[in-house]
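See below for the structure under consideration.
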Protein chains: 2
Amino acid sequence: MLELKGHTSDDLCRSMLERHADVISVQKPVVALKKLKIIISAALKLSNSKGFQAMSLRDLSKESGVSMGGLYAYFDSKTTLLNMILTEVTGAVDRVLGNPPPEVVSDPIEHLKWLIEAHIRLTEEMQPWFSFAFMEAKNFPAKERSWAVDSEELTEALFADVTARAIADGRFRPGVTPLLPTMIKPLLQDWYVKRAKYRRRKVSVEDYIAAVQEMVLTTCLPVDQLAALAAR
Amino acid sequence: MLELKGHTSDDLCRSMLERHADVISVQKPVVALKKLKIIISAALKLSNSKGFQAMSLRDLSKESGVSMGGLYAYFDSKTTLLNMILTEVTGAVDRVLGNPPPEVVSDPIEHLKWLIEAHIRLTEEMQPWFSFAFMEAKNFPAKERSWAVDSEELTEALFADVTARAIADGRFRPGVTPLLPTMIKPLLQDWYVKRAKYRRRKVSVEDYIAAVQEMVLTTCLPVDQLAALAAR
DNA sequence: ATTTATAGAACGAACGCTCGCTTGACAAGT
DNA sequence: ACTTGTCAAGCGAGCGTTCGTTCTATAAAT
């Protein structure tokens, strides 16, 4: 099974500490990491249930057990807190999807299947982070919003690249819709946007990965290869 | 081309006036309709750019040109305003998708294609309303949220029904993923959630409808029918 | 004259954020 | 061994502001 590394909440908070050392006034790394994890986990919990805007810092203080003043040792404004979280999410996407294992890059179809699996597994392990990013990125100041869009387009570009390579190599059915790379994204996003629904219906990650791969491949592979695919 | 009726902003606001006559204190229908249209359109504009929570009633007052007191002649709380809009959206979905033309209901595959087209065309014409519903439904009190989920599941149920009929009739490939009806929804939603992206890329409604139909049908039709489909 | 509609000041609550004070761990000085 | 000094860390009442909502005075329509 595909293994991904470096995005436990521990890893992510450690990365946040480094990235925002200028704004975080707590010096001792052990203390800082421990508290930051608590604060971020509380922030994700509250934001994902009522929205980031609707979460007041008093809510966050109560949920995390850190006082108002204490919170401001970890960020200098509520908007900074938002950006700190969003930055880690896009960072994780770039790091994971941008580094495919060497054995898949030579075959565009294997690469495509890997991208689908890696994306779904990553969002599964970082589920609250992705829900947060998806829900909140829209509602914010022009600056932050535009790079949220950029990040979305960057992911899509990975699918567009691999699709273009497959077409150039004659591995896809002629005339397959040019919208294919665009349409993969919403299928991947549904896994974390509607996570509760899939949990309720007992759909496993593996089920979902297989379903998306099936749908995408049947859309783009040459017709004469589909029988073999279905037979597996 | 498929024609849908009864969901211009005029129709929708008229319906809002009837449905919430108890809460709207303005008596003269002509005046009420005119102003309500202005208020709702301003509310959708502001909400879709900064989020419903972040839209203050002072923003809304300024944008619509209606005073604070004036606004409260049309709703008795900000939450009521939210519900008034959401109610019209789910109402339109039920009305349109629940009434397929007689000529398609006998054939599950035609019915499926019609559902896809009707959903995308409806969300195209009511785009700001659907964006609003999608973005805001999540962040709200248990009551409103649960029926937002219900409404989502109801739409999905229509796809599940028609899929089940197609399978019973032997019209689908054996072993097609049971997740198919679930996965159609995010494809349909992408049209209004990421409307700006598709506009920027000059993707027309017709293009998008065709692409979704292609993707769905290639996933579920028997392999020996796909060549014919591709040839069209 | 009476009803209907509108404007905008006013209100209490809650917001993000600040700041002076307390705490506690640890090292220096005796 | 004990006291003292130091400073990072944490606290929460309070600041100015803005929120949703209400109210009263006025204007318009009938």
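Note on naming: letters A, B, ... go to the chains in the order of the sequence lines (proteins, then strands), and numbering restarts at 1 for each one.
- Atom NZ in B/K34 sits about 13 Å away from atom C1' in D/dA29, given to the nearest Å.
- Without hydrogens or angle criteria, A/S61 side chain to A/V66 main chain gives a donor-acceptor distance under 3.5 Å.
- As rounded to whole Å, 13 Å separates atom P of C/dC11 from atom CZ of B/R58.
- Looking at A/Y198 and A/D207, their side chains never come closer than 4.5 Å, going by heavy atoms from C-beta outward.
- Ionic pairing of A/E153 and B/R201 is present here: one or more N-O contacts between side-chain nitrogen and carboxylate oxygen are shorter than 4.0 angstrom.
- Residues A/R58 and A/E63 are not paired through a salt bridge, judged by the lack of any N-O separation under 4.0 Å between the basic side chain and the carboxylate.
- A straight line from NZ of B/K62 to P of D/dC19 spans 10 Å, rounded to a whole angstrom.
- Rounding to whole angstrom units, NZ of residue B/K35 and P of C/dT4 are separated by 17 Å.
- Between A/L57 atom CG and D/dT18 atom C1' the separation is 15 Å, expressed in whole Å.
- Within the structure, every side-chain polar atom (N or O) of A/S56 is placed at least 4.0 Å from both OP1 and OP2 of C/dA14.
- Atom CD in A/Q53 sits about 9 Å away from atom P in C/dG16, given to the nearest Å.
- Within a heavy-atom distance below 4.0 Å of DNA chain C, the residues of residues 64-77 of chain A found are A/M68, A/G69, A/Y72, A/S77.
- B/D59 and B/K50 are joined by a salt bridge, as a carboxylate oxygen and a charged side-chain nitrogen come within less than 4.0 angstrom of each other.
- Between the CE atom of B/M55 and the P atom of D/dT18 there is a distance of 18 Å, rounded to whole Å.
- The side-chain tip of A/K45 does not point at the ring of A/F132 from less than 6.0 angstrom away and within 45° of straight on.
- B/L60 has its CG atom 15 Å from the C1' atom of C/dT6, to the nearest Å.
- In summary, the side chains of A/S131 and A/Q127 do present a donor paired with an acceptor at a separation below 3.5 Å, with no hydrogens or angles considered.
- Counting only N and O atoms by type, the side chains of B/E136 and B/S47 include no donor and acceptor under 3.5 Å apart.
- Residues from residues 20-28 of chain A with heavy atoms under 4.0 angstrom of DNA chain D, sorted by number: A/S25, A/V26, A/Q27, A/K28.
- Taking the six-membered ring where the residue is Trp, A/F134 and B/F134 present perpendicular rings, their angle passing 60° and hence far from 30°.
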